[in-house]
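One structure is given below, encoded as structure tokens.
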Protein chains: 2
Amino acid sequence: MARKAGSHAETTGPAIRDAALRLFARSGFAAVSMREIAAEVGLRAGALYLYTPDKQTLLFDLMHNHMTALLAAWDATRPAVGPDRRLEQFVAFHIDFHIERPDAVFLAYMELRNLSPENFAIIETQRRAYEDCLEAILSDGQQKGTFTIKDTRVTTMALIAMLTGIHVWYRDGGRLTPERVQTLYKDLVRRTVQA
Amino acid sequence: MARKAGSHAETTGPAIRDAALRLFARSGFAAVSMREIAAEVGLRAGALYLYTPDKQTLLFDLMHNHMTALLAAWDATRPAVGPDRRLEQFVAFHIDFHIERPDAVFLAYMELRNLSPENFAIIETQRRAYEDCLEAILSDGQQKGTFTIKDTRVTTMALIAMLTGIHVWYRDGGRLTPERVQTLYKDLVRRTVQA
DNA sequence: ATTCTATCTGAACGCACGTTCAATTCAATT
DNA sequence: AATTGAATTGAACGTGCGTTCAGATAGAAT
């Protein structure tokens with residue numbers, strides 16, 4: 001029989017994922033046991049297997065959901081006109097998205113090694129697709145003469161590293177507001193590519 | 001009695017550290033067993049405890065040695081004259097040092113979570129000291145009017161992230177020589193701070 | 001040849017892990 | 001009140017972990 005709306009299973013699955021995300025981000029995939037995750041949502045370890053086939057799949061789902069949401073959210077932006085403004089838009093988008101999901105960002109960048117080879121290949125493809133979103137903007141600006149870039153690929157990787165590195169030091173309620181961070185990084189990025 | 005030069009113990013210790021570094025970098029601290037490390041140098045697990053008190057100390061020593069060597073090497077540079085050239089020197093130094101030690105760099109950035117709190121504090125202090133080396137150059141150049149920087153700390157973190165991110169994509173024998181990488185990043189960094 | 005000592009092994013310890021599953025609980029349906 | 005079936009438990013499985021240590025080994029010193 002189909003589950004009724006509001007049944008337990010419709011909230012337990014996500015709660016497990018939330019707990020796993022938080023714990024994996026805090027201590028690392030290998031250091032968190034299924035018993036810990038279960039305890040976090042008030043269950044015993046065995047019950048988790050009602051919601052995930054195994055621990056590896058739990059990790060993959062978290063990373064895959066994150067990357068899929070990231071790519072979908074960027075696809076859903078209305079492209080600003082001109083490489084200049086499109087690049088600004090990318091910076092703002094990236095910082096917003098990442099500041100709102102520090103745990104998922106941490107996972108996506110730290111736990112690649114703990115994925116099975118097949119799962120790794122999938123996530124790696126998505127990561128590459130995201131890099132290509134930025135590279136497309138740079139190439140476009142380069143072609144139009146808006147930007148002056150010596151090596152598009154290297155600049156792409158440098159900017160992605162710079163932007164993603166925010167998670168190393170940014171803290172909610174710290175010295176800088178998200179808006180200030182955006183302003184500062186828009187400036188840094190603009191300088192890096194300016195003609 | 002003091003060991004003679006060339007005795008086994010004077011080469012086994014470093015060999016164990018080399019093997020541990022390689023394996024930790026490849027698979028992560030938690031995923032590598034003492035038995036694996038021992039096998040890599042032709043020993044059984046028990047013998048490792050002649051050379052390290054425990055696995056945690058083995059990890060800490062690797063990270064601490066790396067950070068200490070990094071800071072000492074930078075201190076040993078003859079300071080170039082002027083913020084402009086000093087910054088170029090820092091970029092060249094950082095890229096050189098990191099390209100030569102990809103495993104140690106990987107460890108130092110990925111395994112902080114697996115350090116005990118006391119050990120973490122020590123490494124974190126060293127990391128901060130290294131960041132301060134770059135920040136000092138930026139502040140100096142800002143004061144002298146050589147650079148135009150809106151937020152010195154943020155720019156420092158952005159540049160460190162950009163430079164360290166090289167390890168994500170750089171491979172020996174790849175498309176770019178280390179010299180070419182240095183040239184490209186010197187240019188990116190110069191643009192980021194230029195007046 | 002014997003002693004000595006640093007080095008190393010092999011077995012064991014207790015523990016925690018991911019995962020399975022028969023038995024139980026519990027809420028919704030009849 | 002009885003029935004049903006999904007949700008959950010609790011115990012167990014086999015495995016591998018970090019670490020210890022009594023005993024074996026082997027190379028240098030006497």
Side-chain angles (χ1 to χ4, degrees), chain A residues 1-21 23-24 26-63 107 111 113-119, chain B residues 1-21 23-24 26-63 107 111 113-119:
Chain A
M1 180 183 284
R3 283 193 300 269
K4 281 189 63 175
S7 81
H8 202 181
E10 280 179 19
T11 60
T12 303
I16 290 171
R17 263 156 246 275
D18 285 354
L21 176 59
L23 293 173
F24 287 163
R26 184 171 306 156
S27 313
F29 173 74
V32 176
S33 69
M34 295 299 269
R35 286 167 177 84
E36 283 179 75
I37 299 169
E40 192 81 359
V41 291
L43 296 175
R44 312 295 151 219
L48 298 185
Y49 293 84
L50 270 293
Y51 303 95
T52 184
D54 51 39
K55 195 188 177 194
Q56 161 74 205
T57 303
L58 189 50
L59 173 64
F60 172 72
D61 283 349
L62 291 172
M63 297 177 73
L107 256 213
E111 301 295 353
R113 281 187 306 189
N114 289 303
L115 290 171
S116 69
E118 311 82 44
N119 287 342
Chain B
M1 178 181 289
R3 284 193 301 267
K4 284 189 60 174
S7 82
H8 201 182
E10 281 179 18
T11 59
T12 304
I16 289 171
R17 263 155 246 275
D18 285 353
L21 176 58
L23 293 173
F24 286 164
R26 184 170 308 156
S27 312
F29 174 74
V32 176
S33 70
M34 294 299 268
R35 286 167 178 83
E36 283 180 76
I37 298 169
E40 192 81 0
V41 291
L43 295 174
R44 311 292 158 241
L48 297 186
Y49 292 84
L50 271 290
Y51 304 95
T52 184
D54 51 40
K55 195 188 178 194
Q56 160 74 205
T57 304
L58 189 50
L59 173 64
F60 172 71
D61 284 349
L62 292 172
M63 297 177 72
L107 256 214
E111 301 296 352
R113 281 186 307 189
N114 289 303
L115 290 171
S116 70
E118 311 83 43
N119 288 342

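This one's a predicted model, so the numbers in the text were calculated from it and none came from an experiment. Residue numbers start from 1 in every chain, and the chains themselves are labelled A, B, ... in the order their sequence lines are given, proteins ahead of strands.
Nearest to the side chain of A:Asp54, among C:dT19, D:dT19, C:dT9, sits C:dT19. Closest to the side chain of B:Arg35, out of C:dT19, D:dT19, C:dC8, is D:dT19.
Residue A:Tyr51 places none of its side-chain N or O atoms closer than 4.0 Å to OP1 or OP2 of D:dA7. At C:dC8, none of the side-chain N or O atoms of B:Arg44 fall inside 4.0 Å of OP1 or OP2 (strictly under the cut-off). OP1 or OP2 of D:dG16 has not a single side-chain nitrogen or oxygen of B:Ser33 nearer than 4.0 Å.
The NZ atom of A:Lys55 sits 12 Å away from the C1' atom of C:dT19 (whole-angstrom rounding). If you take CD of B:Glu36 and C1' of D:dC17, they are 11 Å apart, rounded to a whole angstrom. At whole-Å resolution of the value, CG in A:Leu48 and P in D:dT8 are 10 Å apart. If you measure from atom CG of B:Leu43 to atom P of D:dT25, you get 17 Å, rounded to the nearest angstrom. Rounded to whole angstrom, the span from the CG atom of A:Leu50 across to the C1' atom of D:dG5 amounts to 12 Å. Going from atom CG of B:Leu58 over to atom P of D:dT19 covers 10 Å, rounded to whole Å. A straight line from CE of B:Met34 to C1' of D:dG18 spans 7 Å, rounded to a whole angstrom. The nearest whole Å value for the distance from the OH atom in A:Tyr49 to the P atom in D:dA6 is 22 Å.
With values rounded to the nearest 0.5 angstrom, B:Asn119 atom CG is found 8.0 Å from B:Leu59 atom CG. In this structure, A:Leu107 CG and A:Leu21 CG are separated by 5.5 Å, a value rounded to the nearest 0.5 Å. To the nearest 0.5 Å, atoms OH (A:Tyr49) and CE (A:Met34) are separated by 3.5 Å.
The cationic group of A:Lys55 does not satisfy the cation-pi geometry with A:Phe60, failing either the under 6.0 Å distance to the six-membered ring centre or the 45° limit from the ring axis.
Using a 4.0 Å heavy-atom distance criterion, A:Val32 is classed as a sugar-phosphate-only contact.
In this structure C:dT30 sits in a base pair with D:dA1, meeting the Watson-Crick or G-U test at under 3.5 Å.
Checking A:Gly46 against A:Ala31, the closest nucleotide of DNA chain C that is more toward the 5' end is the one next to A:Ala31.
The pair B:Glu111-A:Arg113 counts as a salt bridge, with a side-chain nitrogen and a carboxylate oxygen less than 4.0 angstrom apart.
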